[in-house]
Chemist: 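Sending over a structure as structure tokens; questions will come in a sec.
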Protein chains: 2
Amino acid sequence: MGVNEKKRLSPELREKQIVSEAIAFFADQGFGGQTRELAKRIGITQPLLYRYFASKDALIERVYQDVFVGRWKEDWQAILTERAIPLRERLTRVYREYARVIDNREWVRILILAGMKGESLNRRYLDQVRDKLIEPLCREMRHEAELPSPEDVPLSSQELDIAWSFHGTFIYRGIRKWIYNVPVEGDADAAVDNAISVFLDGFPKTLPRILSGSAAG
Amino acid sequence: MGVNEKKRLSPELREKQIVSEAIAFFADQGFGGQTRELAKRIGITQPLLYRYFASKDALIERVYQDVFVGRWKEDWQAILTERAIPLRERLTRVYREYARVIDNREWVRILILAGMKGESLNRRYLDQVRDKLIEPLCREMRHEAELPSPEDVPLSSQELDIAWSFHGTFIYRGIRKWIYNVPVEGDADAAVDNAISVFLDGFPKTLPRILSGSAAG
DNA sequence: ATATTTGTTTATCGTTTGATAAATAAGATC
DNA sequence: GATCTTATTTATCAAACGATAAACAAATAT
């Protein structure tokens, strides 16, 4: 009895509607959710799904692309590496935005579901995070701590691990909120700022130790 | 053609065998894995599972209990709060052990699967982490930074968030390794030590700002 | 040896579930 | 307004799946 009583949508609109509802549906039920239930939720019959997607897996693949490829901001890397701006401000700008993207039930749950389903779905996304956020961040950490650039001394796995851990604090907050349904700090910006503060005060003492250690070991 | 060709095990042994194999099986396939496949993996028939567990869900519940209740060390909280020992050493002792528990494919994957299945399974475990690790850690952070104890100034959600984030770095490392199958720092102890160093150098400047801020706000 | 108990298998039921083919009907074209 | 196109539905299949009941067989007791 709603507004969308219209039947016979254009293929373009119907497809978008299916994907949009499938994102919410799979985020709720997991990828094990039944196509019949999804169809009911959309208000169409189940076979119609197969007019638009060859298989359930094809629909899942499309859902994944829509959620992750669509929400990545290309300028994050540029901001992160703009040395005219203090690193704290760069991190604040990038990760306040990134935190807003993460702070989304569908995003977090489909990220985790995709991980459990197999490596293939997440591979490209994780490569992107590493190449455009983690490694650039390591480079900036080196610069900040007045240490050799990665060209002179290659990044060690311990350094990458520290950057991943920083990044992970934001992911883990999303997991706590959207998978475990536990209360998290309500002021997202404050949480980001705190994480950045702890990180910026913390890594400059640890990083040189790692570099001198790896030279010895 | 293995060693365990013996049929007709004692109920006790058979049950343990089923649970043990189910842990590995569900960690692999997710909770959607078929009981028939599980039975085949064990080398028994599928109906026999139902002699030992009333339903698939009952088996899953048992799997969860075995993985999480069984591997928690009661003395972690005691170590964490033993102020005769420097905080760095306390954290090192607790989280090197915790990291060893986490660094297990079954542990991480079942943690995540349980989260996706619903809140009920993880509720008790998360309460335990908060009560026995996170809140005690916040208390020690206050003490370390020479700030009022939680009795005088209640813990703010921002403080808890910082402690959860520290904790989360270890969980996230497990997720990267066991769910995303990306290479992580190989020396687990070094990774723990680095995370602790960054944290210990980082939080003492941020914490007072939070407390003065929350008093004002 | 025979009888009894019980761990295990065989056979099977009733749904659920992804997927397909044919029929229908809404909208566009002439 | 008749014809054509195609979005959508109806009907249905075949396999997957959790679960149950009865039959079987390995120990144990008598």
Chemist: Just how far, in rounded Å, is C1' of D/dA16 from NZ of B/Lys56?
Modeler: 11 Å
Chemist: Which sits closer to the 5' end of DNA chain C, B/Ser10 or B/Gln46, going by the nucleotide each is nearest to?
Modeler: B/Ser10
Chemist: What nucleic acid atoms does A/Tyr52 come within less than 4.0 Å of, heavy atoms only: base, sugar-phosphate, or nothing?
Modeler: sugar-phosphate
Chemist: Using whole Å, what does the distance between atom P of nucleotide C/dA19 and atom CG of A/Leu48 come to?
Modeler: 15 Å
Chemist: May I have the distance from B/Arg51 (atom CZ) to C/dT6 (atom P), rounded to whole angstrom?
Modeler: 9 Å
Chemist: Could you check how far CZ of A/Arg8 sits from C1' of D/dT5, rounded to whole Å?
Modeler: 8 Å
Chemist: Looking at every strand, decide which applies to B/Pro11 at a 4.0 Å heavy-atom threshold: base, sugar-phosphate, or nothing.
Modeler: sugar-phosphate
Chemist: Nearest whole Å is fine: how far is C/dG18 C1' from A/Phe25 CZ?
Modeler: 13 Å
Chemist: Before we go on, tell me: are the rings of A/Tyr95 and A/Phe166 under 6.0 Å apart, centre to centre?
Modeler: yes
Chemist: Expressed in angstrom and rounded to an integer, what is the separation of B/Leu9 atom CG from D/dA27 atom C1'?
Modeler: 13 Å
Chemist: Ignoring backbone atoms, establish whether A/Arg14 has a side-chain N or O less than 4.0 Å from OP1 or OP2 of D/dT8.
Modeler: yes
Chemist: Within the structure shown, what part of the strands sits under 4.0 Å from A/Ser55 by heavy-atom distance: base, sugar-phosphate, or nothing?
Modeler: sugar-phosphate
Chemist: Specify the separation, in whole Å, of atom NZ of A/Lys40 and atom P of D/dT9.
Modeler: 14 Å
Chemist: Is it true that atom CZ of B/Arg88 has more than 12 heavy atoms of other residues, nucleotides or ligands lying nearer than 6.0 Å?
Modeler: yes
Chemist: Does the distance from a Lys or Arg side-chain N to an Asp or Glu carboxylate O, for A/Asp161 and B/Arg176, drop under 4.0 Å?
Modeler: yes
Chemist: Decide, yes or no, whether a salt bridge links A/Arg139 with A/Glu151 under the criterion of side-chain N to carboxylate O below 4.0 Å.
Modeler: yes
Chemist: Given side chains that start at C-beta, do those of B/Leu59 and B/Leu38 come closer than 4.5 Å, heavy atoms only?
Modeler: yes
Chemist: Taking the nucleotide of DNA chain D with the nearest heavy atom to each, does A/Thr45 or A/Arg36 sit closer to the 5' end?
Modeler: A/Thr45
Chemist: Reckon B/Thr35 has a side-chain N or O less than 4.0 Å from the OP1 or OP2 of D/dG18?
Modeler: yes
Chemist: Can you check the B/Leu13 CG to C/dT6 C1' distance for me, whole Å?
Modeler: 16 Å
